[in-house]
Amino acid sequence: MAQKWTLKGRIVVDHVLPELAEAFGAREGLPGVTVKVSARSKIPFGWGWWRSWGKVVTDRDGNFKVTKNRGGDRRQFKIKVLFDSDRLRLKQGQETKLRLDTNGFPLDVDLTDLDWFEIHNDDKVGATNGRKAGVIDLGSVPVIGDTPKKLADMWSLYNRVMDLMASYGPEYAFTRRVVGKYPMGLGKNNPNSSSYNNPATRSLYIKEDQFHARILLEELCHQWDFDRSTGEDAMAWQLLKHGTTHQLRENTTYVAFREAFADWFGHVVMREITGGKILNFENSVVWKYPFLPLTRAYVGAALGETERVIANVDYTARGWHSLFNILTHPALDKCDFNRPLTENDPEYCFVSLFTTEACPEVRTGYDLKQVLSIWLKHPAKGIDSFMGNKDLDFRRFLARAGAILPGFEVENIRTVKQCLNPNTTKNPCLAA
């Protein structure tokens, strides 16, 4: 006679990324994960074949439940998970080839299905005699195994960023499904290879020894930029031609722009999704104070002696990083771009928060959503297209920002350029 069987539980991850553990706790439920439940019946000489009981998707807290009417014989269960949704797919990476595709990226071919990961099997956890019909609550079922746990952390991190972007409005949401693969292998894990995002396939690849929150976010943030700009495929040829896209002085302004933006964006979204709990990354730290503008001396030092003019600063990631922080700093009028923060921190400009002098008319203080609005189309303001590589220099980018950002007038643009100019000593507030 058929009886009612209900199997339920909560899929959880024990965070590998220290930033997630600090912000959200060591263990957390995984929302939106596809769960596949299989069962097998007790037979006279052992167990029958595993048969699928269907697939369900976990709720916002990682809970799942499957109900079936089946016979009363004892059963064992196993559970597999798949990190897949209409906006994100995470897969176990495989070896890619040193030979390049038509976009200048390593060839990537999946030879086997490595997407589903088994995280529970009654035969391995003591239920050797099987279970009886009724409600079976497995409680917390952790994702196990090094690679699956890391993919689970990617899932947790990336979905938070995607939720944040979607909360700003549909025009800010990721426009295509992102496919992420870890660990990436390239030419037998060539030490000269690095994590990257292929804009043509909308796939990102994370190298095994680069599984850090900063790298993960940088590659994802590249994708947000690629969705709202053109010419991103040229990054591959710059990499092929020069062997890197992380030179002090790049050969094009768009390489410096895209690399600096993805890095800066990653820092800001980490701060936003953690409610300000995480202001920097624990591993793979690039910027000690990622939200402070940089001194003129430090920005200029990325250029040769004869190149240190404002017209060349947008060939440097330092220049763009400082620009993004200038746009978002809430006390620009209190920044001294000629004076380092401390003797041990020569990169960052000194901010005199206790001065009685102020020039509120030069303050910027735009938030993340406002800065990201520069990427969007604004037909009512005469901006009918996304930015292309030719638009990614200071002059064109700031002109576009001036047409879009509220209160960002010609004088404000002039002030921003002065802050980035290595050949002037003028600060935003003359009294500072």
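Numbering starts at 1 and runs along the sequence shown. Atoms considered below: every heavy atom in the structure, side chains included; atoms not considered: hydrogens, waters and symmetry mates.
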| task | Go through the steps to decide whether Lys150 and Asp146 satisfy the test salt bridge (charged side-chain N to carboxylate O under 4.0 Å, His left out), and finish with yes or no. | result | CA-CA 6 Å; Lys150 289 179 177 177; Asp146 181 70; 3.6 Å; yes
| field | Side-chain heavy-atom pair Val285, Asn280 within 4.5 angstrom cut-off | value | yes
| query | Do side-chain atoms of Asp391 reach the backbone of Arg396 as a donor and acceptor pair under 3.5 angstrom? | reply | no
| request: Answer yes or no: is there a side-chain heavy-atom contact under 4.5 Å between Leu30 and Val12? | output: no
| remark: side-chain contact (heavy atoms from CB on, under 4.5 Å) with Phe64: of Val57, Asp59, Val37, only one passes, and it is Val37
| request: Could you tell me the separation between the CG atom of Leu20 and the CG atom of Asp14, rounded to the nearest 0.5 Å? | output: 12.5 Å
| query | Does some side-chain heavy atom of Met184 sit less than 4.5 Å from a side-chain heavy atom of Ile206? | reply | no
| Are Trp320 and Phe394 close enough that their ring centres sit under 6.0 Å apart? | yes
| Of the non-hydrogen atoms in Glu28 and Ser156, which two are nearest, and what is the gap between them? | OE1-OG, 3.7 Å
| field | Derivation of the side-chain hydrogen bond (donor to acceptor under 3.5 Å, both in side chains) call for Thr424 and Gln418 | value | CA-CA 7 Å; Thr424 185; Gln418 287 174 344; 6.0 Å; no
| Just by distance, do the side chain of Thr328 and the backbone of Phe324 share a donor-acceptor pair under 3.5 Å? | yes
| query | Taking atom NZ of Lys36 as the centre, does the number of heavy atoms from other residues, nucleotides or ligands within less than 6.0 Å exceed 12? | reply | yes
| task | Would you check if the side chain of Arg308 reaches a backbone N or O of Gly300 as a donor-acceptor pair within less than 3.5 Å? | result | yes
| Taking the six-membered ring for Trp, are Phe77 and Trp53 parallel (under 30°), tilted (30 to 60°) or perpendicular (over 60°)? | perpendicular
| task | Carefully, step by step, assess Thr253 and Asp393 under the rule side-chain hydrogen bond (donor to acceptor under 3.5 Å, both in side chains). | result | CA-CA 6 Å; Thr253 59; Asp393 58 38; 5.2 Å; no
| message | Quick check: do Val13 and Trp155 have side-chain heavy atoms less than 4.5 Å from each other? | response | no
| said: Nearest 0.5 Å, please: how far is CZ in Phe386 from CZ in Arg400? | reply: 8.5 Å
| request: Would you please indicate if the ring centroids of Tyr168 and Trp224 are separated by under 6.0 Å? | output: no
| said: When you compare the side chains of Arg363 and Asn412, does any donor N or O come within less than 3.5 Å of an acceptor on the partner? | reply: no
| Excluding sequence neighbours, so at least two apart, what forms salt bridge (Lys or Arg N to Asp or Glu O under 4.0 Å) with Glu282? | none
| query | Taking the six-membered ring for Trp, are Phe281 and Trp287 ring centroids under 6.0 Å apart? | reply | no
| Has the side chain of Ser322 got a donor or acceptor atom that lies under 3.5 Å from a matching backbone atom of Arg318? | no
| message | Apply side chain to side chain contact (heavy atoms under 4.5 Å, CB included) to residues Leu204 and Tyr196 and explain how you reach the verdict. | response | CA-CA 6 Å; Leu204 55 90; Tyr196 67 95; over 6 Å; no
| Lys334 vs Cys429 side-chain heavy atoms within contact, under 4.5 Å | no
| said: Using the rule given for ring-ring contact (aromatic ring centres under 6.0 Å, His included), can you reason through Phe265 versus Trp375, listing the C-alpha separation, both sets of side-chain angles and the distance that settles it, and then say yes or no? | reply: CA-CA 13 Å; Phe265 191 10; Trp375 273 251; 7.9 Å; no
| said: When you compare the side chains of Thr147 and Gln92, does any donor N or O come within less than 3.5 Å of an acceptor on the partner? | reply: no
| query | Hey, is the main chain of Leu164 close enough, under 3.5 Å, to the side chain of Ser167 for a donor-acceptor pair? | reply | yes
| Full working for side chain to side chain contact (heavy atoms under 4.5 Å, CB included) between Val410 and Arg414 | CA-CA 6 Å; Val410 173; Arg414 185 176 292 113; 3.9 Å; yes
| query | Once you round to the nearest 0.5 Å, how far does CG of Asn63 lie from CZ of Arg10? | reply | 6.5 Å
| said: Checking Leu248 against Thr316 for the side chain to side chain contact (heavy atoms under 4.5 Å, CB included) test, could you report, in this order, the C-alpha distance in whole Å, the side-chain angles of both residues, the deciding distance, and whether it holds? | reply: CA-CA 6 Å; Leu248 281 179; Thr316 73; over 6 Å; no
| message | Strictly distance-based, threshold 3.5 Å: is any side-chain N or O of Arg214 a donor or acceptor partner for the main-chain N or O of Ser284? | response | yes
| said: Has Lys277 got a side-chain atom pairing as donor or acceptor with Ala23's backbone, closer than 3.5 angstrom? | reply: yes
| task | Applying salt bridge (charged side-chain N to carboxylate O under 4.0 Å, His left out), run through Asp163 and Arg87 and close with a yes or a no. | result | CA-CA 11 Å; Asp163 287 343; Arg87 66 181 186 181; 2.6 Å; yes
| query | Below 4.5 Å, heavy atoms only, C-beta onward: do Pro422 and Val313 meet side chain to side chain? | reply | yes
| task | Flag the pair Gln223 / Thr175 as yes when at least one side-chain heavy-atom distance between them is below 4.5 Å, and no otherwise. | result | no
| Do Arg296 and Asn338 pass the side-chain hydrogen bond (donor to acceptor under 3.5 Å, both in side chains) test, and can you show the C-alpha distance, the side-chain angles, and the key distance before you say yes or no? | CA-CA 6 Å; Arg296 293 185 173 98; Asn338 306 313; 2.7 Å; yes
| request: State, with a plain yes or no, whether a side-chain heavy atom of Phe337 is found less than 4.5 Å away from one of Thr295. | output: no
| message | Between Arg160 and Glu19, does the salt bridge (charged side-chain N to carboxylate O under 4.0 Å, His left out) criterion hold? Intermediate values first, please. | response | CA-CA 13 Å; Arg160 280 189 162 94; Glu19 295 84 359; over 6 Å; no
| request: Working to the nearest 0.5 Å, report the span between CZ of Arg228 and CD of Glu171. | output: 8.5 Å
| task | Spell out, with a plain yes or no, whether Cys335 and Cys419 have SG atoms under 2.5 Å apart. | result | no
| said: Could you check whether any side-chain N or O of Tyr158 sits under 3.5 Å from a backbone N or O of Arg89, counting only pairs where one atom can act as donor and the other as acceptor? | reply: no
| Exam field: side chain His378 to backbone Ser373, donor-acceptor pair closer than 3.5 Å | yes
| query | At what distance, to the nearest 0.5 angstrom, does CG of Leu82 lie from NZ of Lys55? | reply | 7.5 Å
| query | Okay, side chain of Glu219, backbone of Asn197: is any donor-acceptor separation there less than 3.5 Å? | reply | yes
| message | Pairing donors with acceptors under 3.5 angstrom, does anything connect the side chains of Thr6 and Thr67? | response | yes
| field | Heavy atoms of other groups near Arg51 CZ, more than 12 under 6.0 Å | value | no
| task | Please lay out, stage by stage, how Phe257 and Glu250 fare under the test side chain to side chain contact (heavy atoms under 4.5 Å, CB included). | result | CA-CA 10 Å; Phe257 170 90; Glu250 299 291 354; over 6 Å; no
| task | Would you give the length of the straight line joining atom CD1 of Ile215 to atom OH of Tyr182, rounded to the nearest 0.5 angstrom? | result | 12.5 Å
| message | For Lys78, I'd like to know if atom NZ has over 12 heavy atoms of other residues, nucleotides or ligands within 6.0 Å. | response | yes
| said: Using the rule given for side-chain hydrogen bond (donor to acceptor under 3.5 Å, both in side chains), can you reason through Ser85 versus Arg177, listing the C-alpha separation, both sets of side-chain angles and the distance that settles it, and then say yes or no? | reply: CA-CA 8 Å; Ser85 70; Arg177 185 167 72 161; over 6 Å; no
